[in-house]
Amino acid sequence: FKRISSFPESALKNKYSVLLPTYNEKENLPIVVFLIDKAFLKINVSYEIVVIDDNSPDGTYEMALKLQKLYTEKKIKILKRSGKLGLGSAYKDGLALASGSHIFIMDSDLSHNPKFIPPFIIRQELSGCDIVTGTRYSQGGGITGWGFKRKLMSQVANFLALELLKPGLTDLTGSYRLYKKEALDKVISNVRSKGYVFQMEIIVRSQLMDYSVNEVPILFVDRLYGKSKLGPKEVFDYLKGLVF
Amino acid sequence: LDLLEKMKRSTMIMQRFLSFAIIWLAVMYQVNGSEAKQNYQKTYFLIATFPIDLLVIYALYAIYTIGVRLYRFNDCEEASLELQKEIEVARRELLEKDISWD
């Protein structure tokens, strides 16, 4: 653990937009928003949340409207899309609405805990890097809720990716990240893949475009609620995406 | 132009692989007809099995690395418990502000 005597003041002039793509997250969304608000309030940094809902049948959009009334439109922006159009396009669309100088992306199902927001910001301000990605695999990181088979699959996949791409990082498929807005803008328009590979491609492309990437350990709590989406199809697509 | 960048690493791997393959094939071809094969059986064996040896060593390295990572894998039960507590607090406070679930 790094002992920081005080929170870096340079963060205070930034505004952070948190992009939250949602699909059927009526239960989790209020809690995520509450925790994000709590995290930013604690460090006294200005933020906004951009909810991108892919027309969830369970009423996630309506819940987002309720939250918007509670936290005001300045803190919560909502984009309602016509259907499941993919994570990448959700980020792009959310990015268009975002007014912050820095962009957080994270999952809205509580697998990513907003309490890690300050470490991301601290790392970025102290190192000056363009991108901070949360790692579950390095010292200080962790995962809960994975059986042995799942762990093995992830480590094999991770090994292949690291060997082929040699990015100097430990976790390539994480989706808990902090970007400088210009960096994300430039990179995301070039990324073409879907699913897990999408997250990998963003990082690899950013490095190719000479953006600096640092890692911050995070704890990943897999799916307290909801079902996992990892099936054989996803694995195949992942391997395909790696090679090409 | 940036597709070219991506290609750089895979072409480098390709180049190295091809040059090794050509050298190996050339050596094998030369040596196979000669008397040297009789006299230097041990070295011949090493050279002939060189590619497979590399694969085996790499596979062992892979298994070792993955094993180490699995061993050091951090199962953080406390994170899950802590999260559940935070959820409880969140639910209570949100209920006060009129946000509830059906």
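All chains are named by letter (A, B, ...) in the order of the sequence lines, taking the proteins before the strands, and each is independently numbered beginning at 1. Atom set for the values below is all heavy atoms of this structure, side chains included, hydrogens, waters and symmetry mates excluded.
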query = With a cut-off of 6.0 Å (strictly less than), are more than 12 heavy atoms of other residues, nucleotides or ligands near CD1 of I52(B)?
reply = no

query = When rounded to the nearest 0.5 angstrom, what distance separates CG in L83(B) from CD1 in I31(A)?
reply = 8.0 Å

task = Taking atom NZ of K92(A) as the centre, report whether more than 12 heavy atoms of other residues, nucleotides or ligands fall under 6.0 Å from it.
result = yes

message = A quick test of your reading: do over 12 heavy atoms of other residues, nucleotides or ligands sit less than 6.0 Å from NZ of K42(A)?
response = no

query = Using non-hydrogen atoms only, which part of K115(A) is less than 4.5 Å away from chain B: side chain, backbone, both, or neither?
reply = side chain

key: Nearest-0.5 Å distance that lies between atom CZ in R69(B) and atom OG in S138(A)   = 11.0 Å

ask   = Is any NZ, NE, NH1 or NH2 atom of the basic residue among R91(B) and E27(A) found under 4.0 Å from an Asp or Glu carboxylate oxygen of the other?
value = yes

query = Of the non-hydrogen atoms in G142(A) and C76(B), which two are nearest, and what is the gap between them?
reply = C-SG, 3.7 Å

Proximity breakdown for L67(A) and chain B, heavy-atom pairs closer than 4.5 Å = both

query = Hey, what do you get for OH (Y71(B)) to CD (Q155(A)), rounding to the nearest 0.5 Å?
reply = 15.0 Å

Q139(A) atom CD, over 12 foreign heavy atoms within 6.0 Å = no

query = Should the heavy atoms of other residues, nucleotides or ligands under 6.0 Å from OH of Y58(B) be counted, would the total exceed 12?
reply = yes

ask   = How long is the span from the OG1 atom in T65(B) to the CD atom in E163(A), to the nearest 0.5 Å?
value = 7.0 Å

request  = For the residue pair L94(B) and L70(A), establish whether any side-chain heavy-atom pair is separated by less than 4.5 Å.
outcome  = yes

task = Find out whether L70(B) and F148(A) are in side-chain contact, i.e. whether some heavy atom of one side chain is under 4.5 Å from a heavy atom of the other.
result = yes

Segment of F159(A) engaging chain B (4.5 angstrom heavy-atom cut-off) = both

Portion of E82(B) that has a non-hydrogen atom of chain A nearer than 4.5 angstrom = side chain

query = If you measure only the distance, is there a donor-acceptor pair under 3.5 Å linking the side chains of E86(B) and N113(A)?
reply = yes

ask   = With side chains defined as the heavy atoms from C-beta onward, is the minimum distance between Y137(A) and R72(B) less than 4.5 Å?
value = no

inquiry  = If I take atom CD from residue E93(B) and atom CZ from residue F34(A), how far apart are they, to the nearest 0.5 angstrom?
reply    = 3.5 Å

inquiry  = Nearest 0.5 Å, please: how far is CG in N158(A) from CD1 in I66(B)?
reply    = 9.0 Å

query = Is any side-chain heavy atom of T144(A) less than 4.5 Å from a side-chain heavy atom of E78(B)?
reply = no

key: Portion of I143(A) that has a non-hydrogen atom of chain B nearer than 4.5 angstrom   = both

